[in-house]
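Computed over heavy atoms, backbone and side chain alike; hydrogens, waters and symmetry mates excluded.
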Protein chains: 2
Amino acid sequence: MATGRTHRPATRSRGIPEATVARLPLYLRALTALSERSVPTVSSEELAAAAGVNSAKLRKDFSYLGSYGTRGVGYDVEYLVYQISRELGLTQDWPVVIVGIGNLGAALANYGGFASRGFRVAALIDADPAMAGKPVAGIPVQHTDDLEKIIEDNGVSIGVIATPAGAAQQVCDRLVAAGVTSILNFAPTVLAVPDGVDVRKVDLSIELQILAFHEQRKAGEEAGPDGAAPTAATRKESTDQGPEGDVPAVMPA
Amino acid sequence: MATGRTHRPATRSRGIPEATVARLPLYLRALTALSERSVPTVSSEELAAAAGVNSAKLRKDFSYLGSYGTRGVGYDVEYLVYQISRELGLTQDWPVVIVGIGNLGAALANYGGFASRGFRVAALIDADPAMAGKPVAGIPVQHTDDLEKIIEDNGVSIGVIATPAGAAQQVCDRLVAAGVTSILNFAPTVLAVPDGVDVRKVDLSIELQILAFHEQRKAGEEAGPDGAAPTAATRKESTDQGPEGDVPAVMPA
DNA sequence: CCATCTTTGTGCACGCGTTCACAAAGACAT
DNA sequence: ATGTCTTTGTGAACGCGTGCACAAAGATGG
């Protein structure tokens, strides 16, 4: 996974643990694959293997949704697909806007995994006037000026931010003011949002840094124990933090 | 966040909790921003606010690294930047290969956040012969046939998979066989890897599904309680699982 | 040198999530 | 109808992560 939730106060919604919710899409994917193969039923053991989780965990997860299995047999694939889809809210259509149509934003617009799960890209928005009208993934890019109108006209409640870090908070504020209550943030910034607004963050460089940590540990300990700690004045030289700024990540204090 | 770790057995490396490791890049980013502003010291309260976490949590996190603060004053920014960078392994250069240069792969290749953190894109690899030699982000794409040689020649230990789901496991196997021990997976598939190999998964559609769940709950309960549960034969119609297949996500059982 | 004030570092308790292990439930054969 | 066999659903124990609250440590001023 990437970097997970942002300060959700563990608000176990209707008794379904957050950790369980995060796994439901995983189960759904495995079940969908089974459905395509016309597999009628599946045991918790098999499904758990396909989803890469413990079978006891899977059974407990499902128990939060209800008793949908049959002892001695397993789970009805089609039925479970429906139940999980409904629980996740995928039986309805979710219009989504993507703000910031750079490399990443364009890739997201082209990403098939959205539309296939009931998420409809209602609009692409960018601050660059030169982009306006230019079609990306078959959808014409609109200018940031019209953001509020776009949100309102399309009844958008989910926004995706793929802008540079410097613009993210401002875009976020406008999205929230216009009525968006769920945000998927790809910009490397901590977003401040009012209560009632959900933010999930995907940070590519953070994922790599976590991998690097474990990688170092695996490679580790034999070469260079790096004994003498440098003084406070010593600056590391390898990690020159380049452009691509997270400049506005810190408040003026 | 995206979808986090995959089946790491909570192997608290050298006493540093996994949850703490996941936050270190966050602190590092906030600290780097402070460093650029030439702020000399910062209190746990200020830094916690900038990173969007609890100050007690931040102090406990830092306590795992050592006693780097000064009571009554706070933390030396430069010193802390160095210590965290070293702990994360960012003081060394990490050559990375990206496999699968489609929309997403190309966006990743162009992403500035990698190079700025000590991650160097050593090679771009794609299975399409038509892509071979074509430069993306200034780097010529190479064919999958040369994957093993590329890994070996460049001493790559971190691989990024941005292929379609159907190709992911196969690419993963080849990467691992060639010596890669850390994988960042963007393909919507559960990857099977031998012990000792770390996999982190970033799944865009899963993030949206989690948001949709909470969104449904927020919008919730007033409209359509949807009482009568459909029979097992009833198939939901809205979420027609389209193309963009996660076909090979499930084993033949 | 002493008092005061700020801020760290951490002991402790609590809650969530995971896992084990097993009883209950149903299918299926006889 | 009864017994056997498979698999679910869950009670209970455990471990990790979080947050409170405070004592220890050092800076700073008199």
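When each of A:G74 and A:K60 is assigned the nucleotide of DNA chain D with its nearest heavy atom, A:G74 is the one assigned upstream, toward the 5' end.
Distances shown here put every side-chain N or O of B:S44 at or beyond 4.0 Å from the OP1 or OP2 atom of C:dT7.
For the pair B:L47 CG and C:dT7 P, the computed distance is 14 Å after rounding to whole Å. Rounded to whole Å, the distance from CD on A:E46 to P on D:dT6 is 14 Å. Between the CZ atom of B:R59 and the P atom of D:dC20 there is a distance of 10 Å, rounded to whole Å. Computed from coordinates, the B:K57 NZ to D:dC16 C1' distance equals 13 Å when rounded to whole Å. Put simply, CG on B:D76 is 15 Å from C1' on D:dA27, counting in whole angstrom units.
Among the atoms of the strands shown, only primed sugar atoms or phosphate atoms (P, OP1, OP2) are found under 4.0 Å from some heavy atom of A:Y75.
Of the candidate nucleotides C:dT7, C:dA24, D:dC20, C:dT7 has the atom lying nearest to any side-chain atom of B:R71.
Side-chain contact between A:S205 and B:R29: present, with at least one pair of heavy atoms (C-beta onward) separated by less than 4.5 Å.
With respect to A:E18 and A:R23, no salt bridge is recorded, no charged nitrogen being found less than 4.0 Å from a carboxylate O.
Summarising the geometry of A:Q169 relative to A:V190, their closest heavy-atom pair is OE1-O, 3.9 Å, with the distance given to 0.1 Å.
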Run B:V160 and B:L108 through side chain to side chain contact (heavy atoms under 4.5 Å, CB included) and show every step you take. CA-CA 9 Å; B:V160 178; B:L108 293 173; 3.9 Å; yes
